[in-house]
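Following: one structure in structure tokens, then a few remarks.
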Amino acid sequence: MNSFLFAVLSLGGLGLFFGAGLAYASKIFTVDKDPKIDKILNALPGINCGSCGYPGCQSLAEAIVSGEVPVNKCTPGGAATAQKIAKLLGVA
């Protein structure tokens, strides 16, 4: 019984120790995301069709924010979506 209790307590202690270490590391190594990406993602239709050449709307939003593609790259969204995105980014 004594060895069983020792094993449970040691594994529990190790779990707490490594869990705290992972929580600390996640705070240190966090990557800040541009808030414009979320705003553009909300303006896109969200159908993840791939007609723009990107695997989904998230990838397209990231490419638009980085300036790789124009704001009118989303074909299903049309001109209305392009105008919303242009307004969010402050471009014509």
Side-chain angles (χ1 to χ4, degrees):
M1 181 70 175
N2 198 10
S3 62
F4 175 75
L5 185 61
F6 176 74
V8 169
L9 291 177
S10 353
L11 286 176
L14 284 172
L16 285 174
F17 175 74
F18 286 119
L22 285 172
Y24 180 70
S26 72
K27 297 293 181 193
I28 290 178
F29 297 114
T30 187
V31 177
D32 293 331
K33 193 168 91 169
D34 193 348
K36 291 179 192 174
I37 294 173
D38 287 332
K39 291 178 182 177
I40 292 174
L41 188 58
N42 289 334
L44 291 170
I47 56 177
N48 294 324
C49 62
S51 67
C52 59
Y54 287 89
C57 292
Q58 175 77 29
S59 301
L60 177 61
E62 291 170 358
I64 290 172
V65 169
S66 69
E68 295 174 20
V69 296
V71 295
N72 63 351
K73 187 73 173 170
C74 180
T75 308
T81 300
Q83 288 173 353
K84 287 181 194 175
I85 295 171
K87 184 178 178 182
L88 287 171
L89 293 178
V91 297

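Residues: numbered from 1 along the sequence shown.
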Report task. Flag the pair Q58 / I37 as yes when at least one side-chain heavy-atom distance between them is below 4.5 Å, and no otherwise. Result ->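 Result yes, sub-4.5 Å side-chain heavy-atom pair found.
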Report task. State, with a plain yes or no, whether a side-chain heavy atom of L88 is found less than 4.5 Å away from one of K36. Result ->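 Side-chain contact under 4.5 Å: no.
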Requested in this report: With sequence neighbours excluded, tell me which residues meet salt bridge (charged side-chain N to carboxylate O under 4.0 Å, His left out) with K27.
Outcome: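 Expected list: none.
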Can you tell me how far the [atom1] atom of [X] sits from the [atom2] atom of [Y], to the nearest 0.5 Å?
| X | Y | atom1 | atom2 | answer |
| --- | --- | --- | --- | --- |
| L14 | L9 | CG | CG | 11.0 Å |
| I40 | T81 | CD1 | OG1 | 11.5 Å |
| I85 | N72 | CD1 | CG | 9.0 Å |

Kindly give the heavy-atom pair with the smallest separation between [X] and [Y], and that separation in Å.
| X | Y | result |
| --- | --- | --- |
| A23 | S26 | O-OG, 2.8 Å |
| I47 | C57 | N-SG, 3.9 Å |
| K73 | C52 | CE-O, 2.9 Å |
| P70 | I64 | O-CG1, 4.0 Å |

**Report entry** With T75 via side-chain hydrogen bond (donor to acceptor under 3.5 Å, both in side chains) - residues at least two apart
**Finding:**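 Applying side-chain hydrogen bond (donor to acceptor under 3.5 Å, both in side chains) to T75 gives none.
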Linking I/L/V/M/F/W/Y whenever their side-chain heavy atoms sit closer than 4.5 Å, directly or via other members, would [X] and [Y] fall into one cluster?
| X | Y | result |
| --- | --- | --- |
| L22 | F29 | no |
| V69 | V91 | yes |
| L16 | L5 | no |

Report task. Could you walk me through whether D34 and E62 pass side chain to side chain contact (heavy atoms under 4.5 Å, CB included), step by step? Result -> CA-CA 9 Å; D34 193 348; E62 291 170 358; over 6 Å; no
Query - Chi angles and distances behind the side chain to side chain contact (heavy atoms under 4.5 Å, CB included) call for K33, D38 - result: CA-CA 9 Å; K33 193 168 91 169; D38 287 332; 3.1 Å; yes
